[in-house]
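Reading through the structure tokens given below for one structure.
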Amino acid sequence: MQNTKGLLQSKTMATVAGYIATYANSRGVPLPEILGKLNLDPLMLMVPDTRLNEDDFPKIMNMMAASLPGEAFSLDLAKVLPFSALGFVGSAIEFAPTFREGLDVLVRYKFVLSERLSFSFESSETHTRIKIYHPLDELDKGAAAELACATWFRMVEEFYGVAEHVQQVEFMHAPQLPIELYEDYFKTKVLFEQPSTGFVLANEALNYPSRLPSKPLYEYARAHLDRMHQELGRPENPSEELQKIYEAICENAARSEYSAPALAERLNMSLRSLQRIVSGNGAELREMLENVRLANAKQLLENPDHTISSIAHMLGYSDERAFRRSFKRWMGQTPSEFRKTVLTEQA
């Protein structure tokens, strides 16, 4: 039986990666190249919900960029990517009473899409800024970031009709195509080489109701996501303070930083204050940090392209030996033994 806890956090992004691989082949990326780069069995691409490792995202996007030079393939893919690939996260967003509550779903359950995904939003008096970040975005010149933003834009327009309130779209990377192509898709100003990737939209959009509101379906999707929350060792109903701390842990993890002092620095507070807040919410800081580190370790070990030494480095360890000691303490087996078991189960 597959280790559910170890696979939950990568399941949705991996399903999306499967759709992208199939799309890449349909657009002319040679099948032998896809199979070779991703180490796939040819039959896998015939299965609609094929799941690939999320680390395959940049490989697929770079293959499409090479095969489709000058084409807006990330925007074209966003037009056809099924929202069902987002699983219960997509369902909860679709049936949420208002757009604001849909955003809250993404903030709370983004770990279902990817443990390494950072998604947040903050409002001023006149507008709301949404920020999206994933460390893999840096490996494909921003193509996956464009796909994510374009898919999100299409989704919230179909679910809530708020596209007209998006005031500008921002990307951290440099443009790969004429900016007019991006502005034609998003119907607004698009800026590149910005401090963050995301959107700026008018506050009035936050209160827009869902076009298909359903309290029973919304609550059903939320209940399922809460069970996943619990299986991953997260607090079932974390306070706003604890949720922000989890987000900061994931943001630091994307930069291979898992220390408590670095977390306190990111949150602009003293280590003592951080520990007091965490303990006051019935949690333990070391456990929170280790839960995220372990989840990322498991996900990285599922990709045979990563050596144990490189994984140790990505997880912020000084050397491979330190990583092996920690992993065996967590799981009762070495990283190599865990990888062998998971790959055997997936075969």
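Computed from a predicted model, the values in this text were never measured in an experiment. Worth knowing before you read on, the calculation uses all heavy atoms, side chains too, and leaves out hydrogens, waters and symmetry mates.
- Every pair passing salt bridge (charged side-chain N to carboxylate O under 4.0 Å, His left out) that includes a residue from residues 174-184 is listed here, sequence neighbours excluded: D184-K187.
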Please set out all donor-acceptor pairs under 3.5 angstrom arising from side-chain atoms of residues 63-75, sequence neighbours excluded.
{"from": "S67", "atom 1": "OG", "to": "M63", "atom 2": "O", "distance (Å)": "3.2"}
{"from": "E71", "atom 1": "OE1", "to": "R27", "atom 2": "NH2", "distance (Å)": "2.3"}
{"from": "S74", "atom 1": "OG", "to": "E146", "atom 2": "OE1", "distance (Å)": "2.8"}

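- Partners of E257 according to the side-chain contact (heavy atoms from CB on, under 4.5 Å) rule, which considers only residues two or more places apart in sequence or in another chain, are N252, S259, A262.
- Residues Y109 and R222 bring a donor and an acceptor atom of their side chains to less than 3.5 Å of each other.
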Pairs of donor and acceptor atoms involving the side chains of residues 328-335, under 3.5 Å and at least two apart or interchain, shall be tabulated with distances.
{"from": "R329", "atom 1": "NH2", "to": "E290", "atom 2": "OE2", "distance (Å)": "3.2"}
{"from": "W330", "atom 1": "NE1", "to": "E290", "atom 2": "OE1", "distance (Å)": "3.2"}
{"from": "T334", "atom 1": "OG1", "to": "E337", "atom 2": "N", "distance (Å)": "3.1"}
{"from": "T334", "atom 1": "OG1", "to": "E337", "atom 2": "OE1", "distance (Å)": "3.4"}

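- Legend: residues meeting salt bridge (Lys or Arg N to Asp or Glu O under 4.0 Å) with R266, ordered by chain and number and at least two apart, are E251.
- Seen from the ring of Y317, R325 does not count as a face-on cation partner, given the 6.0 Å and 45° thresholds.
- Here R100 pairs with nothing under the salt bridge (Lys or Arg N to Asp or Glu O under 4.0 Å) rule; sequence neighbours left out.
- The salt bridge (charged side-chain N to carboxylate O under 4.0 Å, His left out) contacts involving residues 164-174 comprise R129-E170, where partners must be two or more places apart or lie in separate chains.
- Contacts of F199 classified as ring pair (Phe, Tyr, Trp, His ring centres under 6.0 Å), with partners at least two apart in sequence or in another chain: W152.
- Between the side chains of E101 and T98, at least one donor-acceptor pair of N or O atoms lies under 3.5 Å.
- Among residues at least two apart or in separate chains, side chain to side chain donor-acceptor pair (under 3.5 Å) pairs with a member in residues 202-214 are T128-N203, H165-Y208.
- With sequence neighbours left out, the salt bridge (Lys or Arg N to Asp or Glu O under 4.0 Å) criterion links R255 to no other residue.
- Residues passing the salt bridge (Lys or Arg N to Asp or Glu O under 4.0 Å) test with D104, sequence neighbours excluded: none.
- Judged as a side-chain contact (heavy atoms from CB on, under 4.5 Å), and not counting sequence neighbours, the contacts of D137 are H134, A144, A145.
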